[in-house]
Amino acid sequence: MDEPQAAEDAVEPESAEKPEEPAEVEGPRRRARRERAERRAAQARAEAIEQARREAKRRLRAGSSEPARGVPRGTVQGLKMALATFLALVVVVGLGLILYFTPVMAVRDIEVTGIAAVTREEVLDVAKVQLGTPLLQVDTGGVAERVAAIRRVASARVQRQYPSALGISVVERVAVVFKDFPDGPHLFDRDGVDFATAPPPGMLPIFDVDNPGPTDPASRAALQVMTALAPEVAGQVGRVAAPSVASITLTLIDGRVVVWGNTDRTAEKAQKLAALLTQPGHTYDVSSPDLPTVR
């Protein structure tokens, strides 16, 4: 009878209390951080509650139980800008169609400027612009090309002058030299273009080259010299000869001769020649501008 009792005494009852774990001690710094975190959380909660109250009041005033969703400001501005652009485009296109297809802004006058040897009738004849044509239908580039094709015209510019005029500005070719042909004297401009058959104006120099023209190297070389000369020197030249690009000579009205050579250092040669011509002599050689001579 004593053994069972001993075994029973050896069993630990389930309700026996376990030893307590040591409590964690909260320091002052940790407590301060915890309190700050709790205050921030409380403040955030209060703000959220206040925001929810305001939203609820706003919904009540709007008579809707659904939460209002405002359109972002950037979206509204973008829509306004797109609408304004569309309306402006419609207005521009509409005005363009009106001006293009109706005589609201039609050609009522054609102004021609810059002409002297060329007549106004010649210009209008090749321009082929009918009065009453809407300005926007006028091909200004095509008109300029047709006017520039006149033999005496170097270039032409055409502009619409709103509300009802078309302006044609002409630059005529200027004679620099002339050459006699069986049908009469031909005038050449600084580019070597044969632009007129007429008596040469004033004391124009004779163009002594074999094949005058804008593509002839000797012609281009001789004309380069003529256009480089000072006006007071060019006015004394009676003949410019260029058997080749390397043997250009000038004969002055009084018989003096200028040996020019090639077109190297043309500007420098022209400057030296202007000074040399003040000295007495018959032949002025500037073919070597470093050693100009007078004989």
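The residues of the chain are indexed from 1 along the displayed sequence.
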How about [atom1] on [X], more than 12 heavy atoms from neighbouring residues, nucleotides or ligands closer than 6.0 Å, or not?
| X | atom1 | result |
| --- | --- | --- |
| Gln271 | CD | no |
| Gln130 | CD | no |
| Arg190 | CZ | no |
| Arg256 | CZ | yes |

* **Ser247-Ser244 side chain donor-acceptor pair, cut-off 3.5 Å** => yes

* Asked: Does the side chain of Ser287 come under 3.5 Å of the side chain of Asp285 through a donor N or O and an acceptor N or O?
  -> yes

* Asked: Any idea which heavy atoms bring Gly281 and Val294 closest together, and the distance?
  -> CA-CG1, 3.8 Å

* To do: Locate the shortest heavy-atom distance separating Leu229 from Val237; write the atom from each residue and the value.
  => CD1-CG2, 3.9 Å

* **SB check Lys272 Asp290 (cutoff 4.0 Å)** => no

* Structure fact -> Rounding to 0.5 Å, atoms CD1 (Ile110) and CD (Gln161) come to a distance of 11.0 Å

* Asked: To the nearest 0.5 Å, how far apart are CZ in Arg146 and CD1 in Ile168?
  -> 9.0 Å

* Asked: Quick one: are Asp194 and Leu187 in side-chain contact, heavy atoms under 4.5 Å?
  -> no

* Side chain of Lys179, backbone of Pro185: donor and acceptor closer than 3.5 Å? -> no

* To do: Please say which of Asn262, Val258, Val209, Thr263 ends up in a side-chain contact (heavy atoms from CB on, under 4.5 Å) with Ile248.
  => Thr263

